[in-house]
Amino acid sequence: MNRKIVAAAAAALTGAGLVTAIALTPSASAGQNVPAADQARSEIVAALARDLKISPDQAKNRLDGEQKAARADSDLKSRLGSSYAGSWLDAAGTTLTVAVTDAALEGVVRAAGATPKTVARSAAQLDAAKLSLDAKGTAAPKTVPGWYVDATTNSIVVLANAGGEAAAKSWATAAGVGADAVRVETSAESPVPLIDVIGGNAYTFGSGRCSIGFSVEGGFVTAGHCGTTGTRTSNPSGSVAGSSFPGNDYGWVRVDAGNTPRPLVNRYPGTVPVAGSQEAAIGASVCRSGSTTGWHCGTIQQKNASVNYPQGTVSGLTRTNACAEPGDSGGSWLAGDQAQGVTSGGSGNCSSGGTFYFQPISEILSVYNLRLVTSGSNPPSSTTPTTTTSNNPPGGTWAAGTTYAVGATVTYGGATYRALQGHTAQAGWEPPNVPALWARA
């Protein structure tokens with residue numbers, strides 16, 4: 001795992017510190033001259049307003065404030081160094097809190113417009129404690145679905161299914177983490193990897209089907225549980241060039257000639273451009289794309305979470321409440337137009353809600369030395385141009401490149417199908433192949 005391994009021992013979880021609350025007044029947007037970017041922002045605002053149950057103006061202000069928060073957090077993290085103890089946004093997304101552990105830095109904090117508050121542990125100390133739990137992940141009770149660093153309470157949270165709280169606490173103690181640094185929370189989570197139906201933009205491998213996360217030069221990133229290294233893929237055709245699962249949940253596919261990576265994410269319908277990969281703060285809004293459930297939004301709850309899947313423990317995930325279901329696996333997570341990660345798994349669904357996790361993209365890019373394809377870049381095309389056809393298939397009216405609304409009907413292969421989701425058809429998404437999009441009438 002390409003993570004910063006903290007040398008501080010779990011036993012060193014002591015000391016006093018400060019928390020800083022930075023008020024974020026939405027700043028005037030510099031604006032963009034590209035109509036497509038304006039349209040994408042409008043679509044993101046609409047999705048946030050719908051899923052967070054706020055007005056469009058509140059959604060716009062939230063996005064502006066979160067962009068300012070990301071810049072402020074990045075600056076303070078660099079300036080505070082080892083005293084940095086994590087950060088998060090409040091429920092409204094208007095106040096950024098940055099925790100520090102050195103009272104002597106109060107002046108630096110106040111100069112940034114912050115209000116100090118004392119905490120006990122630095123981010124490095126919390127990460128060291130969690131690393132101790134990660135090392136004992138294989139010994140975690142089956143009633144423990146996961147654990148994570150909770151910056152808001154300056155502690156490590158161990159989740160436990162009802163009745164398993166005592167076993168969870170004993171396991172954490174046996175791992176060498178002090179009781180004062182651990183909180184056991186009862187949870188109904190039962191996470192599993194999301195696989196076997198199409199996600200964002202579909203690709204297949206063997207008898208399975210997953211989703212494209214983000215385009216990188218030469219291919220795309222996705223979830224690690226969506227195929228081992230060397231596995232051949234179709235639509236787009238290529239080979240899994242790297243994969244890590246469990247432990248991590250990331251991989252990337254090197255596509256064959258004839259496939260051109262684009263800086264876009266499917267919004268079902270329409271697309272959203274990808275402009276970069278600035279990491280969003282805890283509490284920030286985030287949206288994800290997947291063909292099972294379409295485009296859904298929520299907020300980032302915690303970072304550096306470990307999840308105990310049936311196949312093994314995966315660490316370093318980001319925990320959210322943006323819903324997903326089987327088939328959304330590997331799909332894209334965005335904060336505004338900034339790439340955040342790819343869908344790993346979760347517990348729950350889009351009817352009852354739940355908790356869902358994504359693998360941060362920064363680690364994927366770093367491990368495989370990949371370069372994200374963004375709306376400001378011009379990646380080289382593959383040697384053979386991608387070709388599409390608008391001809392109807394024999395005996396049918398379905399056609400790739402056509403946008404279909406919910407309820408639209410087409411014929412294909414002598415049968416009639418009804419659209420279950422609005423989408424723009426692509427080669428490989430023929431009605432019999434994608435039951436998430438089409439139902440036989």
Side-chain angles (χ1 to χ4, degrees), residues 43-44 47 51 191-205 208-216 219-227 233 235-236 240 243 245 248-253 261-274 277 280 285-298 300 307 314 317-350 354-361 363-365 372-373 421-424 426 428-429 434-437:
E43 293 167 349
I44 292 170
D51 290 348
V192 295
L194 306 176
I195 197 170
D196 288 337
V197 288
I198 66 169
N201 274 11
Y203 75 96
T204 59
F205 55 101
R209 185 183 290 119
C210 256
S211 56
I212 296 169
F214 292 96
S215 291
V216 295
F220 60 88
V221 296
T222 185
H225 68 262
C226 290
T233 68
N235 299 317
V240 177
S243 177
F245 178 82
N248 306 290
D249 196 4
Y250 53 66
W252 84 283
V253 174
R262 300 292 186 188
L264 300 171
V265 169
N266 198 331
R267 198 184 59 83
Y268 292 98
T271 58
V272 176
V274 178
S277 56
S285 57
V286 67
C287 296
R288 50 143 292 276
S289 173
S291 68
T292 298
T293 57
W295 178 262
H296 285 275
C297 301
I300 294 173
V307 176
V314 175
L317 301 180
T318 297
R319 193 169 186 258
T320 83
N321 60 3
C323 75
E325 293 183 5
D328 293 329
S329 201
S332 320
W333 289 74
L334 286 161
D337 58 5
Q338 299 296 306
Q340 298 297 305
V342 300
T343 301
S344 175
S347 179
N349 55 53
C350 287
T355 303
F356 307 88
Y357 299 84
F358 67 81
Q359 168 75 57
I361 193 168
E363 185 176 7
I364 313 175
L365 299 177
L372 187 69
V373 176
Q421 299 184 51
H423 66 285
T424 299
Q426 298 185 26
W429 290 18
V434 284
L437 299 179

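Quick note: numbers below take in every heavy atom, side chains included, and nothing from hydrogens, waters or symmetry partners.
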For this session: Could you point out which residue of Cys226, Ser332, Pro236 forms a side chain to side chain contact (heavy atoms under 4.5 Å, CB included) with Ile212?
Result: Pro236
If only atom types and distance count, is the side chain of [X] paired as donor or acceptor with the main-chain N or O of [Y] below 3.5 Å?
{"X": "Ser243", "Y": "Gly224", "answer": "yes"}
{"X": "Gln338", "Y": "Ser277", "answer": "yes"}
{"X": "Ser289", "Y": "Asn266", "answer": "yes"}

Distance in Å, [X] [atom1] paired with [Y] [atom2], rounded so as to fall on 0.5 Å steps:
{"X": "Ile364", "Y": "Gln359", "atom1": "CD1", "atom2": "CD", "result": "5.0 Å"}
{"X": "Cys297", "Y": "Arg288", "atom1": "SG", "atom2": "CZ", "result": "9.0 Å"}
{"X": "Tyr250", "Y": "Phe358", "atom1": "OH", "atom2": "CZ", "result": "15.5 Å"}
{"X": "Phe214", "Y": "Leu365", "atom1": "CZ", "atom2": "CG", "result": "9.5 Å"}
{"X": "Glu325", "Y": "Thr343", "atom1": "CD", "atom2": "OG1", "result": "12.0 Å"}
{"X": "Asp51", "Y": "Ser285", "atom1": "CG", "atom2": "OG", "result": "10.5 Å"}

Do [X] and [Y] come within less than 4.5 Å of each other through their side chains, counting heavy atoms only?
{"X": "Phe205", "Y": "Val240", "value": "no"}
{"X": "Val373", "Y": "Val274", "value": "no"}
{"X": "Phe220", "Y": "Val342", "value": "no"}

What pair of heavy atoms forms the shortest contact from [X] to [Y], and how long is it?
{"X": "Pro326", "Y": "Thr292", "result": "O-OG1, 3.0 Å"}
{"X": "Gly346", "Y": "Tyr357", "result": "CA-CD1, 4.3 Å"}
{"X": "Leu334", "Y": "Asp337", "result": "CD2-C, 4.0 Å"}

Sequence neighbours left out, what passes side-chain hydrogen bond (donor to acceptor under 3.5 Å, both in side chains) with [X]? Give chain and number order.
{"X": "Ser215", "result": "none"}
{"X": "Glu43", "result": "Gln39, Arg267"}
{"X": "Thr222", "result": "Tyr203"}
{"X": "Thr320", "result": "none"}

Output all residues satisfying side-chain contact (heavy atoms from CB on, under 4.5 Å) with [X], sequence neighbours left out; order by chain, then residue number.
{"X": "Cys323", "value": "His296, Cys350, Phe356"}
{"X": "Thr271", "value": "Leu264"}
{"X": "Ala335", "value": "Ala280, Gln340"}

Exercise. Looking at Asp249, Asn248, Thr318, which hits side chain to side chain donor-acceptor pair (under 3.5 Å) with Ser344?
Worked result: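 That would be Asp249; it is the only one of Asp249, Asn248, Thr318 passing the side chain to side chain donor-acceptor pair (under 3.5 Å) with Ser344.
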Problem set entry | Side-chain H-bond candidate by donor/acceptor type, Asp328 with Thr293, under 3.5 Å | yes
